[in-house]
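Read through the structure below, which is laid out as structure tokens, and then see the notes.
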Amino acid sequence: MTHALEAYSEYEDSGVEWLGEVPAHWKMRKLRQCASISGGMTPSMEDGRFWNGDIPWVTPKDMKTMVIGDSRVRVTDAALAETALRLVQPPAVLMVVRGMILARRVPIARTTSPVTINQDMKALRPCPALNAAYLASFLACARDGLFPLIDEAGHGTRRLPTERWRDLPLTLPPLAEQTAIARFLDYIDRHIRRAIRKKEKLIGLLEEQQQAIVHQAVTGQIDVRTGQPYLEYKESEVEWLTEVPAHWPELALGTASNSIQTGPFGSQLHADEYIDGGVPVINPSHLSEGRIAPDRSIAVTGRKAAELSRHRLATGDVVIARRGEVGRSALVRSAQAGWICGTGSLRLRARKTVCSPDYLLLVLNSSRTRDALELASVGSTMSNLNAEIVSRLRVCLPPPPEQVAIAQFCRKVTDRHAAAIDRTHRHIALLSEFRARVTADAVTGKLDVRHTAVALP
């Protein structure tokens, strides 16, 4: 559709660098000339009369779509009557002007129903000559013009002072043309969102398929060497399995390991001993998708690492999260040897004559194994594993040559699915970039969408 669009016949300089030339018949205004601006607040959290009502109370956490009609939290009529909170009537455009999420983008949404907002947001009520949907689209593409106006408010928080952005230059086509642009962009947005949802569904299906294939391999439902089931099965003693290949022994992890060691206790390693750029200390937050991603600021000196030598990691060790999201695991590669197992982690060193580290990682990262560890964990407020619990966990261990074959097969499956998922993520990014480009070209007059908008269903 967009390839058939043409430029306007006549342009003139807008006088704004990031806008460039605009159609000659469009006007240039400042935002404050075309919209009234109001703020929000938070009623007293201690007064129960103000909360759990019927009126949406929008916060930055709700600003995840271009159209807002509801919120996670609601206030009562008493909040409107007895506090400075005010109702924002549609049509209106909401902006986040303060908060941690105000990094490289300013969240913007149009409201379709009466709402209230908190103090980190502003509401813009357009004048009769300004279409709210057009305004929202313009502000969405004007983020580059807004970003230089952002101040650091301390503690990583950023704010967009009203006295700065209310003078933001605004392109103002005739109202009928604004309506046509808004209609065209809504049509494009709906089609792109539909395409993105299909891509996201595909990603979910690919992830499920990958997990299912890996699960079949590590539980012996298929022989990866033939692609067929094994010839003979036996009833499994492992709680979360029914049958396993008859020649697969079932062992406790303690029997299959040379050692299982928890990280240092708090008295052995204090937070004030961390330095930047030393020997990395590996905590659960550093374990992701079977890999270790250290934080340079969570490290210790070489001298402290020597004191914690019993917690040093070696090539082939498996690091397991023993707190919070228990069971999440990663394999130590040669470049990571000598790093320190953190307080919230546990190090398992397999007997390589019995258990391949790559195969063990597959077993530990399976959802069934992690569920079993979660059930066996202790702690009333947070799940917690110890060496004894992990050592008692029973797993199926095929002969070492089969373990190697299963690990190689699963690596190929994972690589193939990861490549497909990565391609799909790139497609989503390209669709989002296309939507942003079309929006920018329409609201700055680079493309004339009037005739196309009239023909839309």
### Task
Might you confirm whether atom CG of Asp54 has over 12 heavy atoms from other residues, nucleotides or ligands at distances under 6.0 Å?
no
### Thr42 side chain to Gln119 side chain, donor-acceptor N/O pair below 3.5 angstrom
yes
### Message
Check this for me: Arg303, atom CZ, are more than 12 non-hydrogen atoms of other residues, nucleotides or ligands nearer than 6.0 Å?
### Response
no
### Task
Answer whether the closest heavy-atom distance between the side chains of Ile181 and Leu185 falls below 4.5 Å.
yes
### Message
Atom CD of residue position Glu163 - does it have more than 12 heavy atoms of other residues, nucleotides or ligands inside 6.0 Å?
### Response
yes
### Side chain to side chain, Phe409 and Arg225, heavy atoms closer than 4.5 Å
no
### Task
Take Leu160 and Arg164, measure what side chain to side chain contact (heavy atoms under 4.5 Å, CB included) needs, and give me the verdict at the end.
CA-CA 8 Å; Leu160 187 57; Arg164 295 186 185 180; 5.8 Å; no
### Task
For the residue pair Glu6 and Asp448, establish whether any side-chain heavy-atom pair is separated by less than 4.5 Å.
no
### Asp358 versus Ala407, closest heavy-atom pair with distance
CB-CB, 3.9 Å
### Query
Is the side chain of Ser14 donor-acceptor paired with the backbone N or O of Gly20 at a distance under 3.5 Å, no angle test?
yes
### Query
Side chain of Asp62, backbone of Thr59: donor and acceptor closer than 3.5 Å?
yes
### Message
Please check this pair: side chain of Trp51 against backbone of Ser44, looking for a donor-acceptor N/O pair closer than 3.5 Å.
### Response
yes
### Query
Is a side-chain N or O of Trp57 found less than 3.5 angstrom from the main chain of Met41, in a donor-acceptor match?
yes
### Query
Yes or no on side chain to side chain contact (heavy atoms under 4.5 Å, CB included) for Leu331 and Leu360, after CA distance, side-chain angles and deciding distance?
CA-CA 9 Å; Leu331 187 64; Leu360 179 59; over 6 Å; no
### Task
Apply salt bridge (Lys or Arg N to Asp or Glu O under 4.0 Å) to Lys304 and list each qualifying residue two or more places apart in sequence or on a separate chain.
Glu273, Glu307
#### Entry: Separation between CZ of Arg450 and OG1 of Thr179, rounded to the nearest 0.5 Å
13.0 Å
### Query
Taking it one step at a time, do Asn52 and Thr76 satisfy side chain to side chain contact (heavy atoms under 4.5 Å, CB included)?
CA-CA 7 Å; Asn52 300 319; Thr76 63; 5.8 Å; no
#### Entry: Distance, nearest 0.5 Å, that separates CG of Leu172 from CG of Leu31
11.0 Å
### Message
Restricting to non-hydrogen atoms, name the atom on Pro43 and the atom on Ala79 that form the minimum distance, rounded to 0.1 Å.
### Response
CG-CB, 4.1 Å
### Task
Keeping the roles fixed (side chain from Gln178, backbone from Asn131), state whether a donor-acceptor pair exists under 3.5 Å.
yes
### Message
Assess whether a salt bridge exists between Asp189 and Arg110, defined as any Lys/Arg side-chain N lying under 4.0 Å from an Asp/Glu carboxylate O.
### Response
no
### Glu325 and Arg328 ion-paired at < 4.0 Å
yes
### Message
Let me confirm one number: the CD-CG distance from Gln209 to Leu205, rounded to the nearest 0.5 Å.
### Response
8.5 Å
### Query
Is any NZ, NE, NH1 or NH2 atom of the basic residue among Arg411 and Asp415 found under 4.0 Å from an Asp or Glu carboxylate oxygen of the other?
no
### Considering all heavy atoms, the nearest Ile117-Leu85 contact
O-CD1, 3.6 Å
### Message
If the threshold is 4.0 Å, N to carboxylate O, is there a salt bridge linking Lys446 and Glu21?
### Response
no
### Query
Would you call Asn384 and Val326 a side-chain contact if the rule is heavy atoms closer than 4.5 Å?
no
### Summary
Taken to the nearest 0.5 Å, the spacing of Leu348 CG from Leu393 CG works out to 10.0 Å
### Task
Any chance you could lay out the side chain to side chain contact (heavy atoms under 4.5 Å, CB included) test for Ile37 and Arg125, step after step, and finish with the verdict?
CA-CA 7 Å; Ile37 302 168; Arg125 285 267 300 162; over 6 Å; no
### Query
Donor-acceptor pair, Arg322 side chain versus Arg347 backbone, under 3.5 Å?
no
### Beyond-backbone contact of Val88 with Thr116, side-chain heavy atoms, under 4.5 angstrom
no
### Task
Check for a donor-acceptor pair, side chain of Thr369 on one end and backbone N or O of Asn365 on the other, with a separation under 3.5 Å.
no
### Message
Suppose the criterion is side chain to side chain donor-acceptor pair (under 3.5 Å): which pairs have a residue in residues 311-320, not counting sequence neighbours?
### Response
Asp317-Arg349
### Task
Could you check Ser285 against Asn283 for side-chain hydrogen bond (donor to acceptor under 3.5 Å, both in side chains), going step by step and ending with a plain yes or no?
CA-CA 6 Å; Ser285 61; Asn283 290 319; 5.6 Å; no
### Query
Would the number of heavy atoms belonging to other residues, nucleotides or ligands and lying under 6.0 Å from CG of Asp77 be above 12?
no
### Query
Are the side chain of Thr444 and the backbone of Leu19 linked by a donor-acceptor contact shorter than 3.5 Å?
no
### Query
Any idea which heavy atoms bring Arg29 and Cys34 closest together, and the distance?
CB-SG, 3.6 Å
### Task
Report yes if some heavy atom in the side chain of Val214 is under 4.5 Å from a heavy atom in the side chain of Leu362; otherwise report no.
yes
### Query
For the atom pair CD (Gln210) and SG (Cys410), what is the distance rounded to the nearest 0.5 Å?
9.0 Å
### Task
Quick one: pull up CD1 in Ile55 and CG in Asp70 and give me the separation to the nearest 0.5 Å.
12.0 Å
### Task
Name the orientation class of the two ring planes belonging to Tyr11 and Tyr8 (parallel below 30°, tilted from 30 to 60°, perpendicular beyond 60°).
perpendicular
### Query
With a 3.5 Å cut-off and no angle check, do the side chains of Glu177 and His25 form a donor-acceptor pair?
yes
### Query
Of all heavy-atom pairs between Ala132 and Ala92, which one has the smallest distance, and what is that distance?
CB-N, 4.4 Å
### Query
Is the side chain of Tyr359 donor-acceptor paired with the backbone N or O of Val218 at a distance under 3.5 Å, no angle test?
yes
### Query
If you count the non-hydrogen atoms of other residues, nucleotides and ligands that lie under 6.0 Å from CG in Asp13, is the total more than 12?
yes
### Summary
Here the pair of heavy atoms bringing Pro90 nearest to Pro114 is CD-N, 3.6 Å
### Task
Classify the angle between the aromatic ring planes of Phe138 and Trp18 as parallel (below 30°), tilted (30 to 60°) or perpendicular (above 60°).
tilted
### Message
A side-chain contact here means heavy atoms from C-beta on lying under 4.5 Å apart; do Ile192 and Ser432 qualify?
### Response
no
### Task
Taking Arg183 for its side chain and Leu456 for its backbone only, find out whether a donor-acceptor pair lies under 3.5 Å.
yes
### Task
Report yes if the side chains of Ile282 and Pro294 come closer than 4.5 Å at any heavy-atom pair, otherwise no.
yes
### Message
Side chains of Tyr134 and Thr171: any donor to acceptor distance under 3.5 Å?
### Response
yes
